[in-house]
Amino acid sequence: MTYSEDELLPLSGIQHFLFCRRQWALIHIENQWQENVFTFEGRQLHERVDDPTFNETRKGHITVRSMPVVSYELGLNGICDVVEFQESPDGIPLKNREGTYTVMPVEYKRGHEKASAIDDVQLCAQAICLEEMLVTNIPQGAVFYGETRRRSIVLLTRELRDQVYQLSREMHDYFQRGYTPNSKPTKACKSCSLVDICLPEVTSQPNRVSVYIRQNLEG
């Protein structure tokens with residue numbers, strides 16, 4: 001299945017969706033947003049990196065920042081923080097460049113490496129977009145963590161790619177239906193910027209929603 005231009009969803013949302021389907025729906029379906037210290041620090045990190053005019057070449061290594069990407073198979077579009085092109089006989093030709101180059105996306109995150117695949121799926125989605133646009137194969141990418149100031153190499157396995165395709169299909173299904181699921185409270189809710197909008201302790205049980213509304217109307 002391929003999606004049209006009008007059906008494209010923000011690529012960055014795939015991380016929100018894996019973290020919490022309700023958070024994703026509040027942001028991307030209900031257009032709700034509230035910033036906290038974590039989102040503020042993340043935004044500052046990206047603002048330091050994002051520069052669409054930046055294009056650096058050093059000894060066969062090209063670094064491009066804020067590169068727009070799209071995949072009509074995933075139905076996603078967005079911006080890669082950094083894309084690195086390394087001169088290699090196994091690479092692809094680039095416009096107005098001599099030689100051939102391999103491609104690797106680099107995503108910037110404010111915190112540290114996580115046990116879950118939450119950062120990996122966003123990076124893999126970026127790679128799939130680049131593969132579709134450039135007609136190439138990208139075996140790995142990297143995530144740079146602001147807290148540790150280190151890169152973590154991510155192998156873009158078949159399993160990870162399948163997960164990205166599955167998540168993108170679910171996102172489109174939710175969006176088309178305008179569906180916002182009930183919350184499933186976890187410890188992570190405390191650090192979510194939307195906790196006061198989501199009300200996880202209330203919305204996790206539909207019968208408590210009506211009680212909450214009635215109490216607030218009566219109060």
Side-chain angles (χ1 to χ4, degrees), residues 1-36 38-39 42-43 46 50 66-81 105 107 109 114 116-135 138 141 154 156-186 188-189 191-210 212-213:
M1 177 179 180
T2 57
Y3 296 89
S4 68
E5 194 78 29
D6 293 337
E7 294 175 312
L8 297 176
L9 296 175
L11 185 152
S12 59
I14 197 167
Q15 185 187 42
H16 296 144
F17 195 79
L18 182 58
F19 174 73
C20 173
R21 267 93 167 147
R22 179 171 173 80
Q23 183 202 64
W24 176 87
L26 289 172
I27 295 171
H28 297 278
I29 294 176
E30 300 189 15
N31 296 313
Q32 305 253 27
W33 179 249
Q34 186 168 303
E35 190 156 77
N36 65 8
F38 302 114
T39 60
R43 182 165 54 80
H46 281 86
D50 293 344
S66 299
M67 182 173 174
V69 293
V70 62
S71 168
Y72 293 99
E73 287 189 0
L74 292 175
L76 304 176
N77 67 349
I79 303 290
C80 286
D81 288 338
E107 174 66 11
K109 297 296 181 184
K114 302 172 182 64
S116 70
I118 194 167
D119 294 334
D120 299 352
V121 295
Q122 184 176 352
L123 181 71
C124 186
Q126 293 174 0
I128 291 172
C129 289
L130 288 165
E131 289 177 334
E132 188 174 319
M133 293 167 59
L134 301 174
V135 192
I138 302 174
V154 178
L156 305 177
T157 62
R158 182 73 266 165
E159 180 182 17
L160 183 58
R161 291 168 182 271
D162 289 344
Q163 186 178 15
V164 169
Y165 276 98
Q166 177 60 37
L167 289 169
S168 69
R169 286 192 292 268
E170 288 186 49
M171 288 163 61
H172 280 279
D173 176 62
Y174 277 37
F175 191 83
Q176 289 167 7
R177 292 191 288 135
Y179 173 62
T180 300
N182 292 324
S183 61
K184 296 180 179 179
T186 67
C189 291
S191 62
C192 177
S193 67
L194 299 184
V195 64
D196 293 333
I197 296 172
C198 173
L199 300 172
E201 297 302 326
V202 175
T203 55
S204 61
Q205 300 180 43
N207 62 314
R208 293 186 63 183
V209 176
S210 59
Y212 176 84
I213 293 173

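Starting from 1, each residue takes its place in the sequence as its number. Treat the numbers as computed from the prediction; the structure is a model and nothing was measured.
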Atom CZ of Phe19 with >12 non-hydrogen neighbours under 6.0 angstrom: yes

Shortest non-hydrogen contact from [X] to [Y]?
X      : Y      : result
Glu30  : Thr180 : OE2-OG1, 2.8 Å
Gln126 : Pro105 : OE1-CB, 4.0 Å
Gly13  : Met171 : C-CE, 4.0 Å
Ala127 : Ile138 : O-CD1, 3.7 Å
Cys80  : Leu130 : SG-CD1, 4.2 Å

So how far is it from [X] [atom1] to [Y] [atom2], rounded to the nearest 0.5 Å?
X      : Y      : atom1 : atom2 : result
Leu123 : Ile14  : CG    : CD1   : 11.0 Å
Phe17  : Tyr174 : CZ    : OH    : 4.5 Å
Gln122 : Leu76  : CD    : CG    : 10.5 Å
Leu8   : Asn77  : CG    : CG    : 4.5 Å
Gln32  : Gln23  : CD    : CD    : 12.0 Å
Asp119 : Lys114 : CG    : NZ    : 3.5 Å

Counterpart residues, side chain to side chain donor-acceptor pair (under 3.5 Å), relative to Gln163 (two or more places apart): none

Which residues pass the side chain to side chain contact (heavy atoms under 4.5 Å, CB included) test with [X], not counting sequence neighbours?
X      : value
Pro68  : Ile79
Ser71  : Glu73, Leu74, Ile128, Cys129, Glu132
Glu159 : Thr157
Tyr3   : Met1, Glu7, Arg169, His172

Side chains of Trp24 and Gln15 in contact at under 4.5 Å (non-hydrogen atoms): no

Close side-chain approach of Glu170 and Arg21, heavy atoms under 4.5 Å: yes

side-chain contact (heavy atoms from CB on, under 4.5 Å) between Ile27 and His16, intermediate numbers included: CA-CA 9 Å; Ile27 295 171; His16 296 144; 4.0 Å; yes

By salt bridge (Lys or Arg N to Asp or Glu O under 4.0 Å) - contacts of Asp173 (at least two apart): Arg177

Arg22 side chain to Asn182 backbone, donor-acceptor under 3.5 Å: no

Whether Arg161 side chain and Cys124 backbone form a donor-acceptor pair below 3.5 Å: no

